[in-house]
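As structure tokens, the structure follows; a few thoughts come after it.
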Amino acid sequence: MQVIARPISRDELPADTANLARFLIGKLVLRALPDALAVARIVETEAYLADDAACHAFRGPTPRNRAMFGPPGHAYVYRAYGVCWMLNVTNAAVGVGEAVLIRAAEPLSGLDAMQRHRGDVPTRDLLRGPGRLAGALAIDRSHDGADLCARGALWLGADGGASGIIGSGDIGTSTRIGITRDAHLPLRFYLKGSRFLSGPAALNGQGKPRSGSGHSAPVMFDGDVKGKGRAHDRKADRENPLDR
DNA sequence: ACATAGATTCTCT
DNA sequence: GAGAATCTATGTG
């Protein structure tokens, strides 16, 4: 599959970290592997803020979280539960520790390479969950601090088409997954109707399955990136996406 | 120095 | 649904 992507420049990133988490829904994460360029569309993110007790930076800088205190648009990669790697996008001014966790994505290109890292799992599960995502893209400690705003081993991209037609109405909000402190904050964002979301259905906007259809909403933006493009190129709908 | 909790996932049962 | 695997930072002795 052909995917046309351009890097996202640092000054495009919303300064507010919750807004950045929304902004990244529909954007691309690209990973240059030895044998392939892996591309995936981000469908689920969480924001972690400086005054948020669930944020690793809450108690100040440590060797592990130091990347979060650097400039925006870099990777903060850490090991969770001694098992999985987590990919975050740093944000906020230098000296302020905030970041957006990339929780799930829809695989678009380089699926063979991702399968090689993850074993023989269904395509739907390749990148569904932050640890799986890092595994499929072979992300580890070596990427901690990497610049995500330029083509390299790991970077963020936008394609002219599909990501541009995601409006604020297509993005759901919920509480974050797997945390205990400040767990009530609505800082998780997801692409409504995507099949590639992690977490319980109740957090993904699916009420309890009702009588009747009970079937998944139409999947948006899966399949070929090219040819879905251009509805409107307006980037105006990203102003003030957060309604609070 | 040691114990513990945690932004998780896989493998059983 | 429960347990294991296993790294990092923090709080306590």
Side-chain angles (χ1 to χ4, degrees), chain A residues 16-25 29 40 42-70 72 74-92 96-107 114-146 148 154 156 172-191 195-204 208:
Chain A
D16 180 90
T17 299
N19 283 346
L20 174 63
R22 271 194 183 223
F23 170 84
L24 289 176
I25 300 296
V29 55
I42 297 168
V43 298
E44 182 182 345
T45 61
E46 285 177 357
Y48 287 85
L49 310 181
D51 60 353
D52 159 15
C55 180
H56 288 171
F58 183 61
R59 293 169 190 275
T62 68
R64 179 175 66 154
N65 67 21
R66 142 184 89 75
M68 260 198 288
F69 292 87
H74 292 251
Y76 165 45
V77 179
Y78 74 94
R79 182 83 99 159
Y81 296 98
V83 180
C84 315
W85 296 101
M86 304 275 148
L87 172 64
N88 299 254
V89 181
T90 65
N91 202 43
V96 179
E98 302 198 338
V100 173
L101 171 66
I102 310 299
R103 285 195 56 91
E106 169 177 350
M114 297 186 215
Q115 289 280 7
R116 228 165 291 138
H117 298 128
R118 291 267 304 119
D120 187 21
V121 302
T123 299
R124 177 170 181 256
D125 293 339
L126 269 180
L127 306 168
R128 195 162 60 84
R132 293 165 167 179
L133 184 146
L137 299 179
I139 292 168
D140 59 33
R141 165 58 46 82
S142 70
H143 300 97
D144 190 39
L148 301 177
L154 178 66
L156 295 171
T173 305
S174 81
T175 53
R176 294 171 293 181
I177 293 178
I179 59 169
T180 54
R181 295 171 298 185
D182 279 344
H184 63 285
L185 297 174
L187 292 175
R188 175 175 174 267
F189 303 93
Y190 59 92
L191 179 61
R195 298 168 47 228
F196 299 90
L197 300 175
S198 73
L203 283 189
N204 292 331
K208 306 173 178 174

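Per chain, numbering begins at 1; letters A, B, ... match sequence-line order. Keep in mind that this is a model prediction, so the values were computed, not measured.
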Starting at atom CD of E98(A), determine the distance to atom P of dA7(B), rounded to an integer number of angstrom.
17 Å
L49(A) CG to dA7(B) C1', straight-line distance once rounded to whole Å:
13 Å
Test for a donor-acceptor pair under 3.5 Å between the base of dA7(B) and the side chain of Y81(A), counting only N and O atoms.
no
For F58(A), does its backbone N or O pair with a side-chain atom of D52(A) as donor and acceptor, under 3.5 Å?
no
For L49(A) and L185(A), run side-chain contact (heavy atoms from CB on, under 4.5 Å): C-alpha distance rounded to whole Å, both residues' side-chain angles, the deciding distance at 0.1 Å, then the answer.
CA-CA 11 Å; L49(A) 310 181; L185(A) 297 174; 5.8 Å; no
Return yes if some donor-acceptor pair links the side-chain N/O of R188(A) with the main-chain N/O of I177(A) below 3.5 Å, else return no.
no
Can you list the residues that meet the ring-ring contact (aromatic ring centres under 6.0 Å, His included) rule with Y78(A), with sequence neighbours excluded?
H56(A), Y76(A)
Rounded distance (Å) that lies between atom P of dG6(B) and atom OH of Y48(A)
12 Å
Gap in Å between the two P atoms, one belonging to dA7(B) and one to dG1(C), rounded
23 Å
Distance in angstrom units between N88(A) CG and dT8(B) C1', rounded
14 Å
A67(A) to A75(A) - nearest heavy-atom pair and separation
CB-O, 3.6 Å
State which residues pass side-chain hydrogen bond (donor to acceptor under 3.5 Å, both in side chains) with T17(A); sequence neighbours excluded, sorted by chain then number.
N91(A), E98(A)
Under 3.5 Å, side chain of E44(A) to main-chain N/O of S198(A), donor-acceptor pair present?
yes
In whole angstrom, give the distance that lies between atom CZ of R181(A) and atom C1' of dT4(B).
12 Å
Once Watson-Crick and G-U wobble pairs under 3.5 Å are found, how is DNA chain C written in dot-bracket notation, 5' to 3', with | for any base paired to another strand?
|||||.||||||.
Please check this pair: side chain of R118(A) against backbone of A136(A), looking for a donor-acceptor N/O pair closer than 3.5 Å.
no
For nucleotides 9-13 of chain B, print each protein N/O atom paired with a nucleotide N/O atom at under 3.5 Å, atom names and distance only.
residue, atom, partner, partner atom, Å
dT9(B), OP1, P130(A), N, 3.0
dT9(B), OP1, G131(A), N, 2.8
dC10(B), OP1, R118(A), NH1, 2.6
dC10(B), OP1, R118(A), NH2, 3.3
dC10(B), OP2, R132(A), NE, 2.9
dC10(B), OP2, R132(A), NH2, 2.9

Would you grab the first and last nucleotide of DNA chain C (5' to 3') that comes under 4.0 Å of any non-hydrogen atom in chain A?
dA5(C) to dG11(C)
Taking only side-chain N and O atoms of T180(A), does any of them lie within less than 4.0 angstrom of OP1 or OP2 on dG6(B)?
yes
Just wondering, do E46(A) and P130(A) contact through their side chains at under 4.5 Å, heavy atoms?
no
Which part of the nucleic acid does R176(A) contact within heavy-atom distance under 4.0 Å: base, sugar-phosphate only, or nothing?
nothing
Using a cut-off of strictly less than 4.0 Å between a heavy atom of the residue and any atom of DNA chain C, enumerate the qualifying residues of residues 61-68 of chain A by number.
T62(A), P63(A), R64(A)
side-chain contact (heavy atoms from CB on, under 4.5 Å) assessment of M68(A) paired with N88(A):
CA-CA 9 Å; M68(A) 260 198 288; N88(A) 299 254; 5.9 Å; no
For the residue pair R176(A) and Y48(A), would you count it as a cation-pi contact if the rule is NZ or CZ under 6.0 angstrom from the ring centre and within 45 degrees of the ring axis?
yes
Spacing of I179(A) atom CD1 and L101(A) atom CG [to the nearest 0.5 Å]:
10.5 Å
Of all heavy-atom pairs between N65(A) and T62(A), which one has the smallest distance, and what is that distance?
OD1-N, 2.7 Å
To the nearest 0.5 Å, atom NE2 of H74(A) lies from atom CG of D144(A) at 11.5 Å
